[in-house]
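Notes follow the structure.
Please read these numbers as outputs of a predicted model, since none were measured by experiment.
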Amino acid sequence: MDNLAIILSHCDSPEKINLLKRLIKRLKSLNIDILLCSHLHLEASIQQEVTYYIYDKDNPILYWPERGTCVWFDIMDTKGRVRLSRMCPDYGWTVMDQIKKASNFALLLKYNHYSFINYDAILTDQLDSYLVNPSETQSPVIFTHQRHRSLSVSTIFTVVKRNVLEKINVYIDKSNYLK
């Protein structure tokens, strides 16, 4: 078993459900096993289209003062600059929590590669090739830090080798996120 596509989702509208269905159809056409993760209950017909399905109604959004996201906008008027700001909920941990739970389940399945894909990602022929023939030299995202250069990780689409996912999964926890 070479690759498991892990779809991260929060599909709370018909438009999002349609994007999810399109992604599942594309992955199935590539003969890729699929693990679908959702914080919302999805209809049985969608569940039946995937290899594995994790429904976890816990959607851990963080609120101030635990953590928040500050959004601001500056307005210039005749008296000077006015800053409008607002503290919004932090949705970042809910994504990482979904990745953690999916990884814990998926690593038991012994695939060689794991591809994390957001439900609304648009797959291209190049991304398809990463899914069908994954390798560390092809992966569009590299989980390393090089001297004087940090490379980032995308939650939209990334392919990870098993041994790398095992290493990074240890560090995905709420206390690390809050730091």
Would you compute the distance between atom [atom1] of [X] and atom [atom2] of [Y] and round it to the nearest 0.5 angstrom?
X: Ile46; Y: Lys21; atom1: CD1; atom2: NZ; value: 5.0 Å
X: Asp120; Y: Glu15; atom1: CG; atom2: CD; value: 12.5 Å
X: Asp128; Y: Leu30; atom1: CG; atom2: CG; value: 4.5 Å
X: His41; Y: Tyr53; atom1: NE2; atom2: OH; value: 6.0 Å
X: Leu178; Y: Asp173; atom1: CG; atom2: CG; value: 9.0 Å
X: Ile24; Y: Ile34; atom1: CD1; atom2: CD1; value: 6.0 Å

- Message: For a side chain to side chain contact (heavy atoms under 4.5 Å, CB included) check, start with the C-alpha distance between Val82 and Phe73, then their side-chain angles and the critical distance, and finish with the verdict.
- Response: CA-CA 8 Å; Val82 175; Phe73 183 75; over 6 Å; no
- Message: Hydrogens and angles aside, do Tyr114 and Asn169 bring a side-chain donor and acceptor to less than 3.5 Å of each other?
- Response: no
- Message: Whether the Ser45 and Glu43 side chains hold a donor-acceptor pair (N or O, under 3.5 Å, no angle test) is what I'd like checked.
- Response: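 Glu43 and Ser45 do have a side-chain donor-acceptor pair below 3.5 Å.
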- Message: Once you measure the plane-to-plane angle for Phe105 and Tyr52, does it fall in the parallel (<30°), tilted (30-60°) or perpendicular (>60°) bin?
- Response: perpendicular
If you define the side chain from C-beta out and look only at heavy atoms, does anything of [X] sit under 4.5 Å from [Y]?
X: Tyr91; Y: His10; result: no
X: Ile6; Y: Cys37; result: yes
X: Ser38; Y: Tyr119; result: no
X: Leu123; Y: Phe157; result: yes
X: Ile54; Y: Lys101; result: no
X: Lys167; Y: Lys161; result: no
X: Leu109; Y: Leu35; result: no
X: Leu27; Y: Ile117; result: yes

Assigning hydrophobic clusters by single linkage (Ile, Leu, Val, Met, Phe, Trp, Tyr; side-chain heavy-atom cutoff under 4.5 Å), is [X] placed with [Y]?
X: Tyr177; Y: Met87; answer: no
X: Val132; Y: Ile7; answer: yes
X: Ile61; Y: Leu8; answer: no

Check whether any side-chain N or O of [X] sits under 3.5 Å from a backbone N or O of [Y] as a donor-acceptor pair, and report yes or no.
X: Asp33; Y: Leu4; answer: no
X: Asn176; Y: Tyr171; answer: yes
X: His39; Y: Asp58; answer: yes

- Task: Test Gln98 against Asp56 for side chain to side chain contact (heavy atoms under 4.5 Å, CB included), laying out the working first.
- Result: CA-CA 8 Å; Gln98 201 172 58; Asp56 173 22; over 6 Å; no
Work out which heavy atom in [X] is nearest to a heavy atom in [Y]; give both atom names and the distance.
X: Glu166; Y: Val170; result: O-CG2, 3.4 Å
X: Leu40; Y: Tyr55; result: C-CE1, 3.4 Å
X: Gln47; Y: Leu42; result: NE2-O, 2.6 Å
X: Phe116; Y: Ser103; result: CZ-OG, 3.4 Å
X: Cys11; Y: Ile17; result: CB-CD1, 3.6 Å
X: Leu62; Y: Lys174; result: CD2-CE, 3.6 Å

- Task: Can you sort out the partners of Arg83 under side chain to side chain donor-acceptor pair (under 3.5 Å), two or more places apart, ordered by chain and number?
- Result: Asp74
- Message: Counting only heavy atoms not in Ile122 (residues, nucleotides, ligands), do more than 12 fall under 6.0 Å from its CD1?
- Response: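 12 or below, so no.
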